[in-house]
Every structure is written in C-alpha cells, then in structure tokens.
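One structure is given here, and the rest of the page talks about it.
As the structure is a prediction and not an experimental result, all values here were calculated from the model. Whatever order the structure lists ligands and atoms in, that order sets their numbers, starting from 1.
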Amino acid sequence: MRYENYWLSTEPVEPGPPLPGDVSCDVAIVGGGYTGLWAAHFLKEESPGLDVHILEADYAGAGASGMNAGFVQMTAGKVLRRMLWYYGREKAGGVYKSVARSILELGRFCKRNEIDADFQSNGIVQVATDRKQLARIQLQVARANRAGAGAFDLLDAKRAQEIIGSPSVLGAIKVSGAQVNPHRLVRGLARVVRSQGVTIHEQTPVTTIVKNGDKWEITTEHGTVTASQVVVATNAWQGTFPELYARQYPIWNYLMVSEPLTDAQLAKVRWPGREAVANSLSFSTAARLTPDNRVLWAGGLWYRFGDRETSRAHERNDEAFGLLEESFRGFFPQWGDVKFAYAHGGLISWSHTFIPQFGRTPSGMIYGHGYTGSGIAASHTGGKILRDLVLERQTEYTDLAFVTVNQPKFLPGEWGNKGADYFIWRQRVGDKLPLMLPYRAALAPGSFFKRHSRSGR
Ligand SMILES: Cc1cc2nc3c(=O)[nH]c(=O)nc-3n(C[C@H](O)[C@H](O)[C@H](O)COP(=O)(O)OP(=O)(O)OC[C@H]3O[C@@H](n4cnc5c(N)ncnc54)[C@H](O)[C@@H]3O)c2cc1C
C-alpha cells in the first residue's frame with residue numbers, strides 16, 4: 001500500500017519558485033487551491049489590469065483541491081435541509097442554481113482550456129443502504145422540489161441495483177453532477193491563471209497578515225507582500241490567522257484507491273454508467289471508477305487531532321483506512337479480492353452551518369472557506385463571490401446565502417474541540433442506530449404525530 005495521493009501519479013508536480021523578495025501588488029491571495037485560483041481567474045477576467053499575486057505554502061493544489069474524490073456535486077443533503085431551515089426557499093434555491101451553473105461551467109472551462117481532467121457529467125447516484133437512509137433521501141427529494149432545485153425520481157431497489165450492482169442498495173436517486181480528476185483540474189486551473197498574468201509564488205507559507213494604514217502587509221520567510229486587498233483562501237488552515245480562527249474547524253477525511261481492476265473483476269459488479277455513487281449516511285462513503293478502472297472509495301468517519309491539528313502527519317490514518325476497507329467489502333461483497341494500492345487523507349474545512357462562508361472580517365480581510373467536504377463546484381461559485389467582494393460591488397453573487405447569512409463561530413480552544421468530538425460521536429451513533437420511528441413518521445413527523453394525537457383523543 002502506498003500512503004500517498006493517487007492523483008499525483010496522473011500528473012507529477014515540480015513546485016514553482018518562492019516569493020523572490022518584497023513585492024507590492026493590488027490583490028494578494030493566500031492559498032493556491034480552487035478557491036484562491038478561481039478568485040484570481042475571475043478577477044483577471046473582469047479587470048485584466050489588476051496586479052494579482054498568489055502565495056501558496058506548498059504547490060498549487062497541494063491541499064484538498066489536489067487530493068479529493070473528484071465528485072463535482074451541489075452542496076446536497078444536510079446542507080439543503082439547513083439552508084431551507086435557516087434561510088428559506090428563495091435563498092436556498094439561489095445557491096443551488098449558482099452551484100448547478102458552476103458544474104456546467106467547469107466542464108466548459110476544461111474543454112475551452114484543453115485541461116485533460118477527465119471531466120464526465122454522468123451524474124451522481126445517491127443510494128440508501130438501510131431504511132433510515134431511504135427515508136432520508138425521500139425527504140431530500142421533497143425538499144429539493146420545494147427549493148426548486150430539480151425534480152427527482154426515487155428509484156426502488158431493483159432499478160437502483162441496475163445502476164449500481166451492490167446487493168445492499170435499497171433505493172436511490174440520481175442527481176446531476178460530474179466526476180473529475182481533481183489534481184489535473186487544479187493544476188490546469190493554475191496554468192490558466194498564470195497565463196492570465198497572475199504570479200503564483202509556491203513554497204511560500206504566509207505567517208502573518210497585518211493591516212497597516214490602508215494597505216495589507218503579508219509576511220513570509222522570503223519577503224513581505226504589500227497589497228491593497230487580501231483574500232484568505234487557505235481552507236482548513238484559515239485558523240493560522242487569528243481573525244479567521246473560530247470561523248471554521250479543520251477535519252480529517254480519507255480515501256483509498258484500488259489496483260486497476262481486471263476485466264473479470266469489473267464484470268462482477270453491474271455499473272454500466274460508471275456514475276459516482278454515495279450512500280446517505282451522515283458520514284457518507286462514496287465510490288467511483290477512475291479512467292484506468294481503479295475503484296476509489298472515500299469518506300466515512302471524520303477525525304480531528306489535538307487542538308485543530310493540520311500537520312500532514314495525519315494524512316496517514318490506519319484506523320480510518322481499516323474502517324473504509326470494511327465498509328467497501330460490505331458494499332461490494334463481489335469484490336472481496338480487490339486490493340487497495342493507495343490510501344491518503346486530507347483536510348476539510350467544516351463550517352458550523354455546513355454552508356460555505358464568504359465575506360469580509362471587521363478589519364477588511366476577505367475570506368472564503370467552509371465547504372464541509374463539497375468544494376469542487378462551490379469554490380467555482382465562490383471565486384465569483386470573492387471577485388465581487390474585492391471589486392467592492394454588490395451583485396447576485398454577493399447576495400447569495402454563502403455571504404449574507406449568519407455565520408456562527410466555533411468555540412475557541414478545548415470547548416470547541418469537545419464540541420467537535422460530541423458532533424462526531426452523535427453522528428456516528430446516529431449512523432449505527434436503525435430507524436426508531438415508524439417509516440411514515442420519519443418522512444413527515446409533523447403530520448404523523450398530529451394525526452396520531454388526534455386519533456388518540
Ligand atoms: C478526503 C477528501 C475528499 C473530498 N472529496 C470531495 C469531493 O468528492 N467533491 C467535492 O466537491 N469536494 C471534496 N472535498 C472537499 C474539496 O476538496 C475542498 O472543499 C476544496 O478543495 C477546497 O478548496 P480550497 O482552495 O478552499 O482549499 P485547499 O485546496 O485546501 O487549498 C488551500 C491551500 O492553502 C495553502 N495554505 C495553507 N496555509 C497556508 C499559508 N499559511 N500560506 C500560504 N498558503 C497556505 C495550502 O497549501 C493549500 O494549497 C474533499 C476533501 C477531502 C479532504
């Protein structure tokens with residue numbers, strides 16, 4: 001087993017040079033993942049004369065952007081429920097439409113710029129493997145229809161197993177979405193951004209960001225960048241900067257990639273459309289095939305270490321890999337002989353509401369983070385939001401719930417860590433417990449209990 005990022009084997013990386021010394025510019029962007037790069041891309045598209053510099057601690061795409069599972073999806077499930085609950089139908093629908101547009105635009109972007117990122121819009125199949133999940137996806141269908149986020153069909157076990165031949169599948173919905181090689185996407189995006197005139201300084205960790213008069217001073221060990229505007233796009237590392245510390249929480253999540261499957265192995269599982277597949281647990285696990293016929297199995301339990309640790313030492317987690325392998329064998333019993341070749345983890349930026357957050361801190365620092373594990377498409381929308389925040393204009397993007405909604409914070413220090421532990425414990429127990437309520441009550445608790453209390457009187 002190689003404890004490294006499988007996607008790196010599809011395109012090697014030679015990190016670019018660090019910041020050459022002190023620099024002055026219009027806009028400094030800290031972090032060279034999707035968020036920082038899309039912000040730079042849309043800014044240069046709109047204002048080609050702006051001098052934009054990106055400061056990246058490692059290489060562009062070294063964070064979650066270059067190592068994720070490659071599901072290009074809307075922020076579904078819990079997020080939709082929360083958005084409807086907190087912000088109502090109109091705001092939730094607005095976010096869904098923008099992110100859906102981003103999915104389409106991502107495919108076009110790759111084509112136009114000849115980025116060979118294996119972008120495939122073949123949809124995402126959300127499956128249920130127990131009755132509780134079945135109720136959950138039925139509720140989601142109803143909510144999505146209410147939010148105007150599309151009309152979905154709930155497929156029964158037989159139809160669902162024609163799409164994905166796992167005997168544990170009891171039902172499914174197919175939603176729009178795509179798959180991509182995330183590493184080639186972020187590396188291709190970095191090339192496009194450079195060709196637009198943006199300078200990316202790799203191997204340049206930022207240590208402090210301080211406001212001095214009307215300028216920002218961004219300090220690194222190689223020199224200081226003085227900029228009129230600063231965008232902080234370091235995802236789960238946002239806590240490096242005190243003003244952003246409590247706005248998100250760094251969580252570790254893992255994935256495994258098998259050896260290429262033989263024709264005989266491929267023939268054992270029906271999967272004609274090769275869609276991405278995810279179950280409906282709180283800590284959902286998800287599967288997809290790579291173009292070279294490996295099966296990728298991702299997700300499962302969330303981990304946090306120490307006091308919000310972000311050290312790359314946690315990219316290897318044998319317990320997480322053991323649990324992932326166990327759930328894989330349960331979902332695909334036909335693939336008992338499939339061997340995993342790669343196992344690796346990365347950092348998710350968890351926002352308190354599960355909804356991505358964009359905005360400006362009281363001192364004027366612009367930020368974007370909190371995708372909570374679904375950032376490929378949302379960061380594309382996020383790039384447009386960041387552009388408009390930098391250009392200080394109010395648009396349909398700065399009006400999105402990602403910006404305008406209340407953004408509760410995590411408690412600092414040990415209280416915040418204990419809160420994270422409690423959340424993980426509660427979700428884990430919830431995933432293990434069977435459906436406690438009658439099925440109809442789980443689907444519509446309000447009307448079920450009203451009817452039963454009336455008939456009891
Ligand atoms: C295991 C896993 C699977 C996932 N699967 C999916 C999926 O299938 N679909 C999906 O939509 N999303 C998925 N995600 C989430 C998705 O990858 C992220 O939401 C997205 O990549 C966030 O992009 P970003 O640019 O904000 O962050 P990142 O890509 O993490 O970029 C942040 C960058 O900031 C840099 N940085 C950090 N500190 C500093 C500093 N002090 N100075 C300078 N630079 C710094 C880092 O090196 C990094 O390159 C997954 C995440 C994980 C961990």
Note: ligand 1 atoms sitting under 4.0 Å from heavy atoms of Gly373 are 6 (C), 10 (C), 12 (N), 13 (C), 14 (N), 15 (C)
Measure up the Trp271 and Trp335 rings against each other and bin them: parallel (under 30°), tilted (30 to 60°), perpendicular (over 60°). tilted
Does the separation of the ring centres of Tyr342 and His344 fall below 6.0 angstrom? no
Under 3.5 Å, N or O to N or O, is Ala57 touching ligand 1 that way? yes
Given the side-chain rings of Phe321 and Phe340, with only the six-membered ring counted for Trp, is the space between their centroids under 6.0 Å? no
Just distances here: any N/O of Glu56 and N/O of ligand 1 closer than 3.5 Å? yes
N or O contact, Ser65 vs ligand 1, cut-off under 3.5 Å: yes
Sub-3.5 Å N/O-N/O distance, Ala69 and ligand 1: yes
At less than 4.0 angstrom from any non-hydrogen atom of Leu55, what atoms of ligand 1 do you find? 43 (C), 44 (N)
Looking at ligand 1, is there an atom of it that comes within less than 4.0 Å of some heavy atom belonging to Pro205? yes
Atom indices of ligand 1 within 4.0 angstrom of Ser374 heavy atoms, with elements: 10 (C), 11 (O), 12 (N)
Would Ser379 count as a contact residue for ligand 1, given that I'm defining contact as a non-hydrogen atom of the residue lying under 4.0 Å from a ligand atom? no
For ligand 1 and Tyr254, I'd like to know whether there is a polar contact (N/O to N/O, distance under 3.5 Å). no
Sequence neighbours excluded, every pair satisfying side-chain hydrogen bond (donor to acceptor under 3.5 Å, both in side chains) that has a member inside residues 376-386: Ser102-His380, Ser102-Thr381, Glu105-Lys384, Lys384-Tyr397
To the nearest 0.5 Å, what is the distance between NE2 on His53 and CG on Leu19? 8.5 Å
In terms of atom number and element, which parts of ligand 1 are under 4.0 angstrom from non-hydrogen atoms of Ile376? 9 (N), 10 (C), 11 (O), 12 (N)
Contact atoms of ligand 1, heavy-atom distance to Asn253 under 4.0 Å: 1 (C)
What atoms of ligand 1 come within less than 4.0 Å of a heavy atom belonging to Leu347? 53 (C)
Identity and distance of the protein heavy atom lying nearest atom 8 (O) of ligand 1: Phe71 N, 3.0 Å
Run the numbers for me: atoms of ligand 1, each under 4.0 Å from some heavy atom of Gly346, listed by number. 53 (C)
Under the ring-ring contact (aromatic ring centres under 6.0 Å, His included) definition, can you give me all pairs with a residue in residues 208-231, not counting sequence neighbours? none
Do any nitrogen or oxygen atoms of Tyr34 lie less than 3.5 angstrom from nitrogen or oxygen atoms of ligand 1? yes
Within 6.0 angstrom of Lys111 NZ, more than 12 heavy atoms from elsewhere: no
Check Ala298 against ligand 1 and report side chain, backbone, both or neither, counting heavy atoms closer than 4.0 Å. neither
Separation between OH (Tyr249) and CZ (Phe410), nearest 0.5 Å, reads 8.5 Å
Heavy-atom distance to atom 3 (C) of ligand 1: which of Val232, Val72, Asn68, Val180 wins? Asn68
If the cut-off is 4.0 Å to any non-hydrogen atom of Val30, which atoms of ligand 1 fall inside it? 42 (N), 43 (C)
Do Phe354 and Phe423 have ring centroids that are under 6.0 Å from one another? yes
Nearest non-hydrogen partners of Val180 and Leu185, listed with the distance: CG2-CB, 4.1 Å
Identify, for atom 38 (N) of ligand 1, the protein heavy atom at the shortest distance, and state residue, atom and that distance. Trp237 CB, 3.5 Å
